[in-house]
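This report refers to the structure that appears directly beneath it.
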Amino acid sequence: MKYGLYPGCSYEGTAREFGESVDAVCNILDLDVEELKDWICCGASSAHNTSHLLATALPLYTLVSARKAGFKKLLAPCIACAWRLKTAIKEIKEDEKLRLKAEGVVGRKFEGGTEVFNIVEFFTEEVGLKKIEKAVKKPLKGLKVVCYYGCMLTRPPKVADFDVPEDPQSVDNIMRVLGAESLDWPYKTECCGVSFALSRTDVVIKLCHDLLEEIKKLGVDMIVVACSLCQTNLDMRQKEIEKKYNTKYGIPIVYFTQLMGLALGAGSEDIGLRRLIVDPSPILKKKGIL
Amino acid sequence: MREILKIDTTFAKQIEKECGEDVNLCYQCKKCTLGCPLAYAMKYKPHQLIRAIQLGQKDLVLKDQSVWLCLSCQTCMTRCPQNLDFVMVADAAKIIAQHEGHRNPVLEIDAFNNSFLSLLERFGRTYEIGLVMLIKLKTKQFLKDVASGLPLFLKGKFSLLPHKVENVHVVRRIFAKVKELESK
Ligand code: SF4
Ligand code: SF4
């Protein structure tokens with residue numbers, strides 16, 4: 001099966017290590033993933049509250065490109081991109097007036113035929129846990145983690161159509177297959193403040209503080225995430241939060257694909273480990289994983 | 001004869017036209033508000049905003065900050081027993097507000113949205129440093145985020161120049177057409 005990759009704007013920017021680790025893992029698993037060349041930005045968090053038409057037209061362009069390039073399945077690692085693409089497909093299918101308008105704006109006809117996958121969905125449902133388990137070279141023995149899903153991975157359920165919205169398990173299941181211990185906790189799908197990162201930073205600081213406080217109680221080695229907004233907010237703001245609330249966390253925020261890479265035998269350079277701000281290597285070395 | 005209270009339903013209908021959601025489905029159970037991570041900062045909570053729309057309180061909804069503080073985390077609509085999608089309702093209110101000449105009263109969010117879209121229109125993609133700079137100019141908070149942003153830059157996650165995007169003309173054309181259609 002050939003998969004198209006829609007990298008999105010953050011793949012070479014703030015989520016660079018996410019991109020690097022996705023590429024590394026796909027290579028090791030010998031998956032046929034190829035970047036879609038003719039893509040444009042999905043409009044992310046700003047288009048949908050400015051113009052419904054703009055928020056539909058931008059993804060429509062990319063979806064038609066994917067089909068033209070022969071990709072029946074399109075992987076969108078950025079959770080916000082996956083959400084916008086999936087929303088556009090759903091709305092275009094249900095609302096003929098909107099479809100015609102968006103097609104007019106883009107100058108292309110939408111014929112469907114391309115399915116969009118978020119990154120966790122891709123590894124659990126397309127690749128499958130069995131294949132991942134078989135490829136493990138270095139089990140993550142003794143590593144204690146919590147998985148944090150955030151808001152967009154399973155929501156809105158009518159669009160995401162993936163896992164259990166209030167108690168998702170898919171990333172936990174991947175961690176278990178890799179040999180790590182993944183704890184249950186109540187804030188799995190709480191919000192980190194997503195796109196307020198650069199505007200109402202005070203909100204992000206409060207929400208991330210709530211999350212980090214809960215995590216501190218659990219005594220885990222790191223937080224595993226699947227979303228670059230969750231990662232950036234919790235990692236980049238951690239020092240600021242510690243200062244504001246006069247506390248100390250030092251908890252690494254690691255992409256699940258980085259841990260997959262480690263367990264499947266990738267080098268730390270291949271998965272961009274050094275790009276994380278709270279450095280996970282001391283704890284990984286202590287556990288004999290690195 | 002007793003007087004009958006008349007409720008102005010124009011605003012509720014306007015919202016429905018914009019997003020397809022019928023606010024009259026809401027029976028005020030408050031589940032949306034109880035799970036909302038931003039309720040603490042909103043003067044009017046999600047269930048109250050919906051009530052206000054049901055009752056035709058257009059100014060209250062469009063002029064206050066509350067609706068703009070919704071960050072689309074989708075908790076409310078996931079839990080609503082009536083399957084009412086408040087995120088769509090909030091987006092519709094924001095769009096109507098902009099069409100009718102109200103400015104987003106939350107300066108920083110307004111600066112973020114405008115900067116994001118203008119950079120996207122210009123370069124065809126998000127450009128993080130440009131975004132940070134524009135927001136600083138618009139909000140006049142020049143020192144904000146310098147300390148937190150520096151490590152990202154040092155780790156190679158922020159590039160100084162915008163990425164080159166080949167089909168930036170496609171993005172510009174889409175923006176232009178949308179503007180043309182929506183100004184009609
Ligand atoms: S959860 Fe739904 S029905 Fe309950 S108050 Fe909110 S919108 Fe209304
Ligand atoms: S989507 Fe908006 S209103 Fe709903 S829970 Fe999240 S922040 Fe609150």
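Naming: A, B, ... by sequence-line order, numbering from 1 per chain. FYI, side chains are in, hydrogens and waters are out, and symmetry mates aren't considered; it's all heavy atoms of this structure.
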Interatomic distance, [X] atom [atom1] to [Y] atom [atom2] [nearest 0.5 angstrom]:
{"X": "C19(B)", "Y": "H52(A)", "atom1": "SG", "atom2": "NE2", "result": "8.5 Å"}
{"X": "H99(B)", "Y": "S51(A)", "atom1": "NE2", "atom2": "OG", "result": "6.5 Å"}
{"X": "K177(B)", "Y": "L54(A)", "atom1": "NZ", "atom2": "CG", "result": "14.0 Å"}
{"X": "K158(A)", "Y": "D85(B)", "atom1": "NZ", "atom2": "CG", "result": "3.5 Å"}

Answer yes or no: are there more than 12 heavy-atom neighbours, outside K206(A) itself, under 6.0 Å from its atom NZ?
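Enclosed.
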Open item on the list: Can you confirm whether more than 12 heavy atoms, excluding those of E96(A), are under 6.0 Å from its CD atom?
Closed with: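 At most 12 heavy atoms, drawn from other residues, nucleotides or ligands, come within 6.0 Å of this atom.
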So does V106(A) get a backbone contact from the side chain of R173(B), meaning a donor-acceptor N/O pair under 3.5 Å?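 Confirmed, R173(B) side chain pairs with V106(A) backbone.
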If I measure from the heavy atoms of chain B, does [X] come under 4.5 Å with its side chain, its backbone, both, or neither?
{"X": "D210(A)", "answer": "neither"}
{"X": "P156(A)", "answer": "both"}
{"X": "E166(A)", "answer": "side chain"}

Note to self: If you count heavy-atom pairs within less than 4.5 Å of chain A, which of N104(B), V87(B), V178(B), L38(B) leads?
What the structure shows: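 Most heavy-atom pairs within the cutoff with chain A belong to V178(B).
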For this session: State, to 0.1 Å, how close S72(B) and W83(A) come at their nearest heavy-atom pair, and which atoms those are.
Result: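 Taking every non-hydrogen atom into account, CB-CH2, 4.1 Å.
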